[in-house]
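See structure below.
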Amino acid sequence: MLDNKIPQGPLAEKWSQHKFNLKLVNPANKRKYDIIVVGTGLAGASAAASFGELGYNVKAFCYQDSARRAHSIAAQGGINAAKNYKNDGDSIFRLFYDTIKGGDYRSREANVYRLAEVSNAIIDQCVAQGVPFAREYGGLLDNRSFGGAQVSRTFYAKGQTGQQLLLGAYSALSRQVKTGKVKLYTRNEMLDLVLVDGKARGIITRNLVTGAIERHSAHSVVLATGGYGNVFFLSTNAMGCNGTAAWRAYKKGAQFGNPCFTQIHPTCIPVHGTQQSKLTLMSESLRNDGRVWVPKTVEMAQKLQKGEIKPTEIAEEDRDYYLERIYPSFGNLVPRDVASRNAKNMCDAGKGVNETGLAVFLDFKTAIERDGEDVIRAKYGNLFQMYEKITDDNPYKTPMMIYPAIHYTMGGLWVDYNLMTTIPGLYAIGECNFSDHGGNRLGASALMQGLADGYFVIPYTIGDYLAQTSYDKVPTSHPAFEEAEKEVRDRINILLTSKGEKTPDEFHKELGLIMWEYCGMARNEEGLKKAKGMIQKLRKEYWAGVKLIGINEEMNLTLEKALRIADFLELGELMVDDALTRTESCGGHFREESQTPEGEALRKDDEFAFVSCWEYQGDDQPAKLNKEELVFENVKLTQRSYK
Amino acid sequence: MSWVKQTLNSTLGQKVIMSLTGLFLVTFLIVHLIGNLQILKADGGDAFNVYAAFMSTNGLIHAVSYGMYAAIIAHVVYAITLTLRNKKARPVSYAVQDAKANSSWASRSMMLLGSMILVFLVLHLVHFWAKYKMGWIAYDFKMVTIEGVQYRDIASLVIETFKDPIAVGIYVLGLIGLGFHLNHGFQSAFQTLGLNHKSYNNFIKGFGAIFSIVMAVLYAVMPLYVFFS
Amino acid sequence: MSNHKGLNFTLKVWRQKNAAAKGEFKEYPVTNVSPDSSFLEMLDIMNEDLLHKGEDPVYFDHDCREGICGMCSLFINGRPHGPGEEITVCQLHMREFNSQDGGVITIEPWRAAAFPVIKDLVVDRTAFDRIQQAGGYVSINTGGIPDANAIPIPKEIADKAMDAATCIGCGACVAACKNASAMLFVSAKVSQFSLLPQGQAEKSRRVLAMVNQMDEEGFGACTNTGACEAECPKGVSLENIARMNRDYFGAALSTEH
């Protein structure tokens with residue numbers, strides 16, 4: 001039985017009541033506890049810094065060369081908070097409500113309410129750290145509006161909010177490194193979790209420079225390792241983002257929540273060919289003025305694909321502004337998932353407009369004619385410039401081309417209200433856990449969740465666990481460490497001695513294509529079953545032979561990749577399993593079998609108002625599905641409509 | 001006074017010495033130039049001789065001159081110290097470097113330009129200062145009487161020296177070096193002292209450029225005028 | 001995204017097995033590169049080819065591939081992050097290169113004593129982290145903070161602080177500088193805090209500590225060539241260096257020792 005540990009009492013009092021009930025560690029005793037934090041993004045850095053400030057001994061790990069480079073840095077838009085500085089009717093309850101509704105009612109009320117509750121403290125904290133948020137002339141903080149909300153509650157620092165928040169957390173972390181409370185291990189990757197008596201007591205890491213396999217012991221382990229969007233190979237994630245730490249935890253007994261919930265962002269720069277390594281996001285704000293279209297006929301689309309005609313040569317009457325046609329009231333501003341799915345439908349019908357046939361137009365012609373080029377330049381100048389740099393096309397003269405891309409994974413390690421996984425002593429925070437976004441994450445909420453977890457939730461809840469844990473340290477010579485290290489070494493040896501012709505990247509691309517095709521924007525039973533078979537086959541092939549080079553005891557790029565891809569090949573299958581069992585459409589998960597007569601997503605609250613929690617049962621054994629029922633006492637479940 | 005030592009040991013402290021001594025030497029250049037230009041007066045070198053005598057006998061000038069020697073030495077010593085440090089900061093150089101894409105030649109060549117000036121300076125001191133002021137090199141000055149007072153005739157020494165094309169060549173080269181050195185050094189000194197402001201930057205840069213050209217040209221006038229007249 | 005023919009290049013790449021090894025340049029041909037490929041994607045292709053041939057791929061740092069993480073760090077044809085203004089290598093595209101006459105492209109690691117080479121084109125930039133640790137923060141703990149709007153900050157000041165804080169810590173300033181000086185990086189961080197009211201309490205302590213650490217790491221001194229500003233992918237201004245100089249002298253003269 002899963003115990004989500006949600007406190008009793010009214011929604012608004014749960015967190016304060018819970019904080020009071022949590023056990024405390026005496027300040028003088030905190031130095032007797034060691035905590036491992038894996039990942040130094042918003043969640044990891046803020047948690048590690050806060051632990052250090054409290055007096056715990058912290059070891060923080062990241063695979064990058066510096067803690068400042070985690071992919072939180074790439075978040076552009078902003079961070080939400082219920083400050084109501086705009087006097088436009090915002091409140092904690094409204095932020096809670098918007099987030100739970102935006103998540104298509106697949107997240108916990110108590111968690112989301114707590115998130116909204118601590119959101120204000122995050123802004124205070126970041127400002128005090130010197131994060132240069134945008135301000136108004138009067139000197140107070142500025143806000144912008146964002147999708148999924150009717151109030152202006154998003155704080156931002158140019159288009160680099162994630163960067164500034166991360167640098168704030170990194171500076172707090174740096175301060176603790178200086179005091180000696182935090183020890184940083186950069187260019188280090190966690191390869192396994194160590195359990196002693198069923199509790200998380202350490203990790204096995206590989207030093208990415210020397211190849212040294214190292215053991216680290218602690219009283220608790222916190223995973224802040226981000227999402228697993230790179231299972232699709234092409235995504236907006238950084239190249240190094242991976243699911244290994246979370247997956248290793250899963251295989252040691254931590255349950256995995258809602259793995260199939262992935263978010264697809266509709267306005268990315270399309271794939272230009274097979275050499276592409278990653279996808280670049282363009283701000284969603286472009287859809288405020290751009291009109292999305294494809295040619296009405298497949299013949300014309302083919303001419304475009306071959307470069308025989310230019311988009312500007314296509315007459316108005318030959319263009320299909322399909323979002324405006326299908327959704328007359330919302331038009332080009334339909335939510336992310338709807339916009340994405342329709343782009344895919346158009347391209348599937350052969351109307352894609354670039355060389356690869358996987359792109360639709362986003363046209364500013366009407367807006368430029370209406371407002372003038374200067375107005376458009378003032379609004380979107382930097383985005384247009386970025387687009388031109390990448391594609392060599394001038395969006396003032398010719399329509400932009402866009403296509404959806406994998407952006408965020410709402411799924412992740414299952415955690416209770418204390419952010420602890422099903423393994424005692426193992427916590428998961430930030431994108432790494434499944435918690436607060438349900439089936440779909442709203443814009444500007446990822447940063448909020450990462451920092452809420454790291455600054456204001458886990459510093460309290462971990463104390464409760466440690467207060468009930470003895471000071472005794474587990475020596476790294478303990479048999480559990482021996483065994484975990486041996487497992488890691490065996491895995492590495494198999495890969496290094498493997499003789500195959502296909503490189504890790506080639507396997508990864510193949511996996512990505514399977515996932516994108518069958519477990520991407522639209523999913524159906526037949527496709528998912530097919531994908532499951534294909535992934536199993538690919539995984540078999542992988543372990544039969546993959547092309548690696550070099551040895552473990554050196555910097556070894558192919559080995560790093562091979563280890564991550566090995567885990568993606570298993571995680572991908574679990575995503576497919578999850579997508580198969582959830583025969584409703586909800587948030588980022590669209591099952592073609594579950595549509596309204598108008599072809600919109602149909603959620604089935606009576607059957608699927610639960611979190612899918614997958615429990616590992618051994619290799620080549622089907623994972624066991626446990627369900628955490630979601631109880632809604634404070635919001636009324638409604639179906640979305642954008643017609 | 002350990003903080004003085006600490007500050008002087010820091011790269012920023014050493015840089016500030018470079019800029020302060022540099023700016024001080026600029027004021028010297030102006031004073032010196034005013035004297036030089038006296039030779040252009042068609043009075044057979046009288047004004048020049050009077051000026052030279054004033055410069056070598058006035059007590060205040062005398063005192064300031066020691067400050068100047070110190071400034072020159074400090075400027076040179078710290079230039080060498082910093083350059084050695086900077087070389088050490090990049091032990092392996094690039095195989096291909098497209099430096100002109102990001103910076104001016106003069107700004108990258110301050111040590112070379114400074115060395116040119118130093119060579120010129122040594123020669124210059126040997127030519128005049130060591131003979132006239134310090135008397136380290138024996139030279140039998142002619143004496144001239146101006147308004148009843150006797151003066152050593154340094155104007156003739158100047159004319160004699162600048163009839164030598166090699167000396168003129170070295171002087172002109174040194175002065176070209178000075179021009180480029182000043183062009184970067186002037187604005188650089190302000191930047192090092194923290195005097196950077198959007199509203200004044202262009203003025204400082206523009207003034208520095210004009211100033212350095214004017215200085216180099218006016219200084220070059222003397223040897224060239226003598227040589228060609 | 002037009003229909004171009006593939007381009008061919010000869011890459012002259014610095015190869016160095018590890019920190020202790022002696023490095024050398026090696027030449028690699030790359031063929032049929034899409035002009036729409038980014039520079040790093042071109043290197044990906046080369047690495048896949050090398051791996052297929054059983055050779056060790058070329059190591060280079062990279063991560064976000066959208067110009068913000070600051071990890072990529074290549075010195076291409078004599079310039080950090082290659083040709084082009086205000087971009088990182090991952091934002092550089094192959095159409096910027098001339099494939100005529102063999103299309104030779106020389107790729108070197110950042111060169112600085114403070115950035116030792118780890119392998120091939122990968123360098124160790126932890127010196128930057130240590131400078132940050134020396135004082136690049138506001139010494140406050142989590143929680144117990146006044147409301148975010150308690151201190152109004154003029155928009156101009158906030159914007160200036162943001163312009164300094166935009167630094168991605170890639171090290172192109174050090175790579176470009178003929179003295180391998182880290183002044184632009186350090187001054188950007190010092191300036192961000194020096195401009196904001198939140199940073200005032202530790203203003204003197206911070207600038208002294210960070211400059212001291214910068215010197216200890218073995219970076220060169222600034223000679224105001226401006227190469228750092230010209231090559232900075234985020235356009236961080238020299239103004240910050242002047243501000244740090246001011247702060248430093250103010251601190252050195254006024255602090256009680």
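If you're wondering where the values come from, they're calculated on a predicted model, not measured in any experiment. All heavy atoms count here, side chains included; hydrogens, waters and symmetry mates do not. Proteins get letters first, then strands, A, B, ... in listed order; numbering begins at 1 in each.
Side-chain atoms of B:Arg90 come within 3.5 Å of backbone N or O of C:Arg111 as a donor-acceptor pair. A donor-acceptor pair is defined here as one N or O able to donate and one able to accept, closer than 3.5 Å; such a pair exists between the side chain of B:Asn86 and the backbone of C:Ala221. Side-chain N or O atoms of C:Glu108 include one that pairs as donor or acceptor with a backbone N or O of B:Ala95 at under 3.5 Å. Proximity of a side-chain donor or acceptor of C:Asn245 to a complementary backbone N or O of B:Thr192 within less than 3.5 Å is detected.
To the nearest 0.5 Å, atom OH of residue B:Tyr94 and atom CH2 of residue C:Trp14 are 12.0 Å apart. Taking NZ from C:Lys160 and NZ from B:Lys198, the interatomic distance works out to 5.0 Å, rounded to the nearest 0.5 Å. For the atom pair B:Arg85 CZ and C:Phe219 CZ, the distance stands at 10.0 Å (nearest 0.5 Å). Residue B:Arg108 holds its CZ atom at 11.5 Å from CG of C:Asn179, rounded to the nearest 0.5 Å. Here the CG-OG1 distance, from C:Leu253 to B:Thr7, works out to 7.5 Å after rounding to the nearest 0.5 Å.
Options C:Val211, C:Leu238, C:Asp247 differ in how many heavy-atom pairs under 4.5 Å they form with chain B, and the most are formed by C:Leu238. Contact tally against chain B (heavy-atom pairs below 4.5 Å) for C:Pro83, C:Ala114, C:Ala230, C:Ala113: the top residue is C:Ala113.
What you find for B:Ser188 and C:Asn224 is that their closest heavy atoms are OG-ND2, 2.6 Å. The two residues C:Lys178 and B:Ser107 have their closest heavy-atom pair at CE-O, 4.3 Å. When every heavy atom of B:Ala89 is checked against every heavy atom of C:Gly218, the shortest pair comes out as CB-O, 3.5 Å. C:Arg246 approaches B:Leu193 most closely through the heavy-atom pair CG-O, 4.2 Å.
With a 4.5 angstrom heavy-atom cutoff, B:Leu12 touches chain C via backbone and side-chain atoms both. Looking at C:Pro109, only its backbone comes within 4.5 Å of chain B, counting heavy atoms on both sides. For B:Ser93, the part sitting under 4.5 Å from any heavy atom of chain C is the backbone (N, CA, C, O) and nothing else. Residue C:Ile76: no heavy atom, backbone or side chain, is found under 4.5 Å from chain B. Only the side chain of C:Phe25 comes within contact range of chain B, with heavy atoms under 4.5 Å apart. For a residue to count as touching a neighbouring chain, one of its non-hydrogen atoms must lie under 4.5 Å from one of that chain's; by this rule C:Thr223 touches chain B with backbone and side chain alike.
Within 6.0 Å of atom NZ in B:Lys163, more than 12 heavy atoms from other residues, nucleotides or ligands are found, so the atom counts as buried in its surroundings. Within 6.0 Å of NZ on B:Lys133 lie more than 12 heavy atoms contributed by other residues, nucleotides or ligands. Enclosure of atom CD1 in B:Ile30 by more than 12 non-hydrogen atoms of other residues, nucleotides or ligands within 6.0 angstrom is indicated.
For residues 61-80 of chain B, heavy-atom neighbours of chain C at less than 4.5 Å comprise no residues at all. Contact residues of residues 163-177 of chain C toward chain B are C:Val174, C:Ala175, C:Ala176, C:Cys177 (heavy-atom distance under 4.5 Å).
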Note to self: If you apply the rule side chain to side chain contact (heavy atoms under 4.5 Å, CB included), what do you find for C:Ile241 with B:Gln191, and how did you get there?
What the structure shows: CA-CA 8 Å; C:Ile241 295 185; B:Gln191 167 78 2; 3.6 Å; yes

Note to self: Apply side-chain hydrogen bond (donor to acceptor under 3.5 Å, both in side chains) to residues B:Thr11 and C:Asp215 and explain how you reach the verdict.
What the structure shows: CA-CA 7 Å; B:Thr11 51; C:Asp215 283 354; 2.7 Å; yes

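Counted by atom type alone, B:Asn102 and C:Glu231 present one or more donor-acceptor pairs between their side chains at under 3.5 Å. B:Ser10 and C:Tyr248 share a donor-acceptor pair across their side chains, judged by distance under 3.5 Å alone.
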